[in-house]
Amino acid sequence: MNVLLTGGCGYIGSHVAVVLMSAGHEAVLVDNLSNSHQTIVDKVAEIVGRSPAFYQGDVGEVAFVRNIIRRHRIDAVIHLAGFKSVGESVQQPLMYYQNNVCGALGLLQAMEAESISNIVFSSSATIYGDPQYLPVNEAHPKHVINAYGRSKLHIEDMLRDICISRPSLGAVCLRYFNPVGAHQSGLIGDHPRGIPNNLMPYVVQVACGEREFLNVFGADYPTPDGTGVRDYIHVMDLAEGHMAALKYLSSNSGWHAFNLGTGRGYSVLEMIRAFERQSGRTVPYRLVARREGDVACSYADVQAATFELNWKATRSLEDMCSSSWLFQSRLSTE
Ligand code: WQD
C-alpha cells in the first residue's frame, strides 16, 4: 500500500514510517516541521534501507495534499500531524483549533476529492478526562478539559459524520495512552523542542545531566506510592498498532475507535526506578505540588484492540527505558 503519513517526521510518525516501510509498504511523509526535524527522513532511510518521499507543508492545504495523493497513488492516510501540548492548548486554544481541527478538515476534503476511503487517526486517551472507572474502555464517557483534548474529540466526531455520509469510508481512531521509548537502533526517538512536558523525555535529560533534577508532580494521589499512574506503551508497539488498524480497514468500513495501551499502569516513582536500573544512572527528583489538570491514575482496557485488531503490546517497561536511554546516548554523540 502507498500510505500518506501526516506528521511523518514526528516522534510517533517516524516510528510508524519504519514499521510501514519494513513491512513493504510505501510511506509518503508530510510534515510542516513545526515540532520535528527533516533529518528524521534520513534516519528512517538508514533504518529501512530506502528513503520515504517527504513534503514540507500543511496538511490543511487541500490542493497541496491532492497533488501528493495523485502523484503517489495514495491508498490510505494515517493522520498524526497536530499540536499536542495540553498546557499550550489551554493558553492558545484558537491556535489548536486552527492547526488541529482545520488541518484535519482540509485533509479530509482532499481525501474526499481524490476518493481516498481509508484513514487511521491519532487520537488520545485525554478525551476520557479523569477516569470514572478503570481500566478505561472505549465506551468510557468523554470529558475533555482542554483545547488539545477537545480538538481530538472534534476530529473523531468529524470522522464519525463523514462515515455516515459515505458508507464506503473506513476510519479508525487510535486512542493513545502514554507513548514512550524508541526504535531499537537508537536512531529515532522522542526529541521534543525546548523543555519536555512529558515524563520520559524529562527523565532522560536528567539522567544525562542536561537537567539537574526531575519535579515529581504530586505525591499525595490515591495510588500505591502517591505518585501518578499511567499506561506507558512502547512507541514500536504503538506503531505496530497503526499497521494493524490499516489491515483492519482492508476488510471493515465505518467508524471505529480503539485504545492503544498495555492495560497496566506504572507510577512515576516506578518509572524512575526502572529507568535508573536500565541506564545505570541516578535520576535526582523532588516531590512537588500536583500539576494542574493531571489525573491520579489512568490505564487502558485493551480487549477491543486485541480482539478486533489482532494486536497486543509486547514490549516491557524495561524495553521502554533501555531504548529511550540508547536514543539519548546516540543523540549525545551527534
Ligand atoms: C505522566 C506522569 C505527571 C512530567 C500527556 C497528554 C496526553 C499524551 C501523553 C499526547 C503524570 C508526571 C510528568 C514531569 C512528572 N500526549 N510527570 N514530572 O500527562 O499522562 O499525558 O502526554 O497525546 O494527551 O495529556 O503524560 O508524561 O506529561 O505525565 O511528575 O516533569 O508523569 O504528573 O503523572 P500525561 P506526562
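Just so you know, ligand 1 is whichever comes first in the structure, and atom 1 is the first atom listed for that ligand.
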Enquirer: With the threshold set at 4.0 Å, does a side-chain nitrogen-carboxylate oxygen contact exist between Arg73 and Glu26?
Expert: no

Enquirer: For the residue pair His154 and Tyr97, categorise the inter-ring angle as parallel (less than 30°), tilted (30 to 60°) or perpendicular (more than 60°).
Expert: tilted

Enquirer: I'd like to know whether Tyr128 forms a side-chain contact (heavy atoms from CB on, under 4.5 Å) with His140, so could you lay out the CA-CA distance, the side-chain angles of the two residues, the decisive distance to 0.1 Å, and finally the verdict.
Expert: CA-CA 7 Å; Tyr128 295 122; His140 186 286; 3.7 Å; yes

Enquirer: Once salt bridge (Lys or Arg N to Asp or Glu O under 4.0 Å) is applied, what residue pairs with a partner in residues 249-275 remain, sequence neighbours excluded?
Expert: none

Enquirer: I'd like the residue list for ligand 1, meaning every protein residue with a non-hydrogen atom under 4.0 Å from the ligand.
Expert: Val86, Ser124, Thr126, Tyr148, Asn178, Asn197, Asn198, Leu199, Leu214, Asn215, Val216, Phe217, Gly228, Arg230, Tyr232, Val268, Arg291, Asp294

Enquirer: Identify, with sequence neighbours excluded, every residue that meets salt bridge (Lys or Arg N to Asp or Glu O under 4.0 Å) alongside Glu114.
Expert: Arg66, Arg70

Enquirer: Output all residues satisfying side chain to side chain contact (heavy atoms under 4.5 Å, CB included) with Val90, sequence neighbours left out; order by chain, then residue number.
Expert: Asn146

